[in-house]
Amino acid sequence: MKKTFYLTFIIALVFTTLSQAQSGWTKAKGTYFFKLDYSFYNATDFRNIDGDKLKTSEFTQNQIALYGEYGITDRFTVATFVPLFKQNSYETTNKVSGFGDVKLELKYALLQKSFPLSISVSPEFPTGKKELFAKNKSNPLDQINLPTGDGEFNVWTTLAVSHSFSPKNLYASAYGAFNYRTKYQERDFQNQLQFGAEVGYKFFDKLWVNYKISILQGVGKDPQIADFIRGDGTSYTGISLGGMYELNKNFGITAQYFNSNSAIVKAKNVYANNILSFGIVYQKK
């Protein structure tokens, strides 16, 4: 039970990354995109701070989140990611749940036309429950902290570029991002770098399919303590395959598969996992 005490924040981190796309495009003035999303997974394969594989009791998380974008002007877009509900548990504990950490993104188009280039600043607020204890089913006096938030304020800064290819049913994007992390209970955390790329293709004038690859790496001084629950010292390679089917001009449905592994960057302080996500989209183009 004690081995699993510190492992949960990584799942929250992966879900947050999975739920948001990075591209050079901004929304046209007055247009919007909203997605209500349900994500879930369970796993027992954990990679520790040195990248060694550990077997833990099975962890399960369910999440319902809202993601939205709105074009203030043709160059300026505001976006938000709101984890409305998170439920965490191990097979040995009861389930605990709550609201998650809210992320706000302010995005500005530096270049438009053929190669849209944008920069965004995204503060993430500690709105989730940083102390949320689940009790051992066999011994109620034994409990572990399974929070729905990390308890710190941090800021992502992202530079992204995109290009659509004739006849505009094929696109590609690439991005680099820096996460400036602060502290929780006087503990300073390691900052993070993330790089990624995405390609997408539209079939039958209705179905968008995308493939994404990303890496996350800690930068700066190595953590002195393996603080798993706050995500300090985490790295992994992420692979994702998904799509959106447009039911009509406003509504659509989505599905996404995400896996974290050691393909490019060695997975550390993270579960080797398979996340499935399903969503409903409402948009105005």
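Atoms considered below: every heavy atom in the structure, side chains included; atoms not considered: hydrogens, waters and symmetry mates.
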Inset, instruction - Look at the rings of Tyr271 and Phe46 and say which category their plane angle falls in: under 30° parallel, 30 to 60° tilted, over 60° perpendicular. - result: perpendicular
Inset, instruction - Nearest 0.5 Å please: distance from the OG atom of Ser57 over to the CD1 atom of Ile144. - result: 7.0 Å
Inset, instruction - Apply the test side chain to side chain contact (heavy atoms under 4.5 Å, CB included) to residues Leu54 and Arg47: give CA-CA distance (whole Å), side-chain angles for both, the deciding distance (0.1 Å), then the verdict. - result: CA-CA 6 Å; Leu54 298 178; Arg47 307 305 168 92; over 6 Å; no
Legend entry - Phe34/Tyr32 under ring pair (Phe, Tyr, Trp, His ring centres under 6.0 Å): CA gap, chis, key distance, verdict: CA-CA 7 Å; Phe34 294 100; Tyr32 50 78; 5.7 Å; yes
Inset, instruction - Check whether any side-chain heavy atom of Tyr175 sits under 4.5 Å from a side-chain heavy atom of Ser214, and report yes or no. - result: yes
Legend entry - Salt-bridge criterion met for Asp188 and Lys183 (N-O under 4.0 Å): yes
Legend entry - Within the 6.0 Å centroid threshold, strictly below: Phe251 and Tyr282: yes
Legend entry - Under 3.5 Å: donor-acceptor pair, side chain of Thr93, backbone of Lys135: no
Legend entry - Qualifying residues under ring pair (Phe, Tyr, Trp, His ring centres under 6.0 Å), relative to Tyr108, sequence neighbours excluded: none
Legend entry - Carboxylate-amine/guanidinium proximity below 4.0 Å for Glu124 and Arg181: no
Legend entry - Lys285 bridged to Glu246 by N-O distance under 4.0 Å: yes
Legend entry - Ring centers of Tyr90, Phe59 separated by less than 6.0 Å: yes
Inset, instruction - Name all residues meeting the salt bridge (charged side-chain N to carboxylate O under 4.0 Å, His left out) criterion together with Asp50; count only those two or more places apart in sequence or in a different chain, and write none if there are none. - result: none
Legend entry - Short side-chain donor-acceptor distance under 3.5 Å, Ser173 and Ser23: no
